[in-house]
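Before any comments, here is the structure.
All residue numbers refer to positions in the sequence shown, counting from 1. When a ligand or atom number is given, it counts from 1 through the structure's own listing order. Treat the numbers as computed from the prediction; the structure is a model and nothing was measured.
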Amino acid sequence: MPFVERVFSGVQPTGNLHLGNYLGAIVNFVKMQETHNCIYCVVDMHAITQGVDVWGGPAELARNTREVTAAFIAAGIDPRKHIVFNQSQVSGHAELAWIFNCVARMGWLGRMTQFKEKAGKDRENASVGLFDYPVLMAADILLYRATHVPVGEDQKQHLELSRDIAQKFNNDFGDSIRAQGANDGLFFPLPEPLITGPATRVMSLRDGTKKMSKSDASDNSRINLTDDADTIAQKIRKAKTDPEPLPSEEKGLEARPEADNLVGIFAALAERSKAEVLREFGGGQFSSFKNALAELCVTKLAPIAGEMKRLVSDPGHIDSILNDGSDRARALAQETMNLSKDIVGFIRRR
Ligand code: TRP
């Protein structure tokens, strides 16, 4: 029996959601709602894997958790038809992560580039949680036996690790899984990343070779989802460009990272291809393209910022959405946890 298709994805509440998070992940979350049952999680347990100086402490974490929830809803995620919740409210994430800790291998985790980047030179001083981060991520996805995971380009390696963990679990416990009658010995699906759209990697507005990032010192390098219309337009007008006019074909964007980035952002927001955008703007001056891009950004993003502001002003309402989503997520998770415990041989109350 094939697995029922289900979508799961998560966003960390670590502050400053920006255009990169929006185009790289959240727009795809919104789209997947049309065809799949979706679960969207604010991964607050992942958020605390770096030092408290990095994630900002308890008040900041709670504020950011509500803000990401607000962004989901403002962007068009329907928390009644689908599930929106915060990770720490469903204990199955941590429980399944423990089982997976005993399936995953040190060597697999040691190869994760995100860990190497985030830990930097001083690995002795990185938290165990930061090293283990990808195992918790595998548990997030597989707790719901999700089959499809919309993510940004940078999460590809973590998805591969999730597949490796699912496969090794299915393998290690194959006999037990068959004895439970589960899916021909395949208990966990091998989840697939969905990385789509012309702007899966949005670059800094100040340097087209660097990713747009919440931690860049210059606020002008990114468009925050909370920026108002004037700020958005100003940042686009100030964005770095080169002196050439825009090319008429995509090939002309090679070796022009800033131009490529801005055309990609236009294409993604307008839901057109880069080729189409260049057919309209190629040969023209950068300034007129920038005006059109600023207008498009404001039209698409300013209403989201406005709606987020309205939503976060009523934290009680946001919390009730998270509570309701957590209740529904917990019910689904319980089923996987019970079966997983049986498969491993943990005795449970019946
Ligand atoms: N690691 C992801 C990121 O930083 C966030 C995340 C945590 C996630 N758990 C997940 C994404 C499960 C997809 C599925 O973007």
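Atom numbering of ligand 1 starts at 1 in the shown order; those under 4.0 Å from a heavy atom of Gln12 are 4 (O). Ligand-side atoms of ligand 1 in range of Val43: 7 (C), 9 (N), range being under 4.0 angstrom from any heavy atom. In the vicinity of His46, heavy-atom distances shorter than 4.0 Å reach the ligand 1 atoms 7 (C), 9 (N). When each atom of ligand 1 is checked for a heavy atom of Ser9 under 4.0 Å away, the hits are 11 (C), 13 (C), 14 (C). Atoms of ligand 1 lying under 4.0 Å from any heavy atom of Val149, numbered from 1 in the order shown and given with element: 13 (C), 14 (C).
Using cut-offs of 30° and 60° for the angle between ring planes, the Phe85 and Tyr144 rings count as perpendicular. Using the six-membered ring where Trp is involved, His158 and Tyr133 have ring planes that are tilted, between 30° and 60° apart. In this pair, Phe289 and Phe286 present their aromatic rings perpendicular. The plane angle is above 60°, beyond the 30 to 60° band.
A distance of 11.5 Å separates CZ of Phe8 from SG of Cys38, quoted to the nearest 0.5 Å.
In this structure, atom 4 (O) of ligand 1 lies nearest to the protein heavy atom Tyr133 OH, 3.0 Å. Among protein heavy atoms, the minimum distance from atom 10 (C) of ligand 1 is reached at Met137 CG, 3.4 Å. The single protein non-hydrogen atom nearest to atom 9 (N) of ligand 1 is Asp140 OD2, 2.7 Å, given as residue, atom name and distance. Protein heavy atom in closest approach to atom 5 (C) of ligand 1: Gly10 O, 3.5 Å.
When the shell of 6.0 Å around CD of Gln114 is examined, it contains more than 12 heavy atoms from other residues, nucleotides or ligands. By the 6.0 Å contact criterion, CD on Glu276 is enclosed, its count of non-hydrogen atoms from other residues, nucleotides or ligands being greater than 12. No more than 12 heavy atoms of other residues, nucleotides or ligands shown are found within 6.0 angstrom of CZ on Arg80.
The distance criterion of under 3.5 Å between nitrogen or oxygen atoms is met by Gln155 with respect to ligand 1.
When heavy-atom distances to ligand 1 are checked against a 4.0 Å cut-off, Val11 has no atom that comes that close, whether in backbone or side chain. Only the side chain of Val151 comes within 4.0 Å of ligand 1, judged by heavy-atom distances.
Residues Lys214 and Thr14 bring a donor and an acceptor atom of their side chains to less than 3.5 Å of each other.
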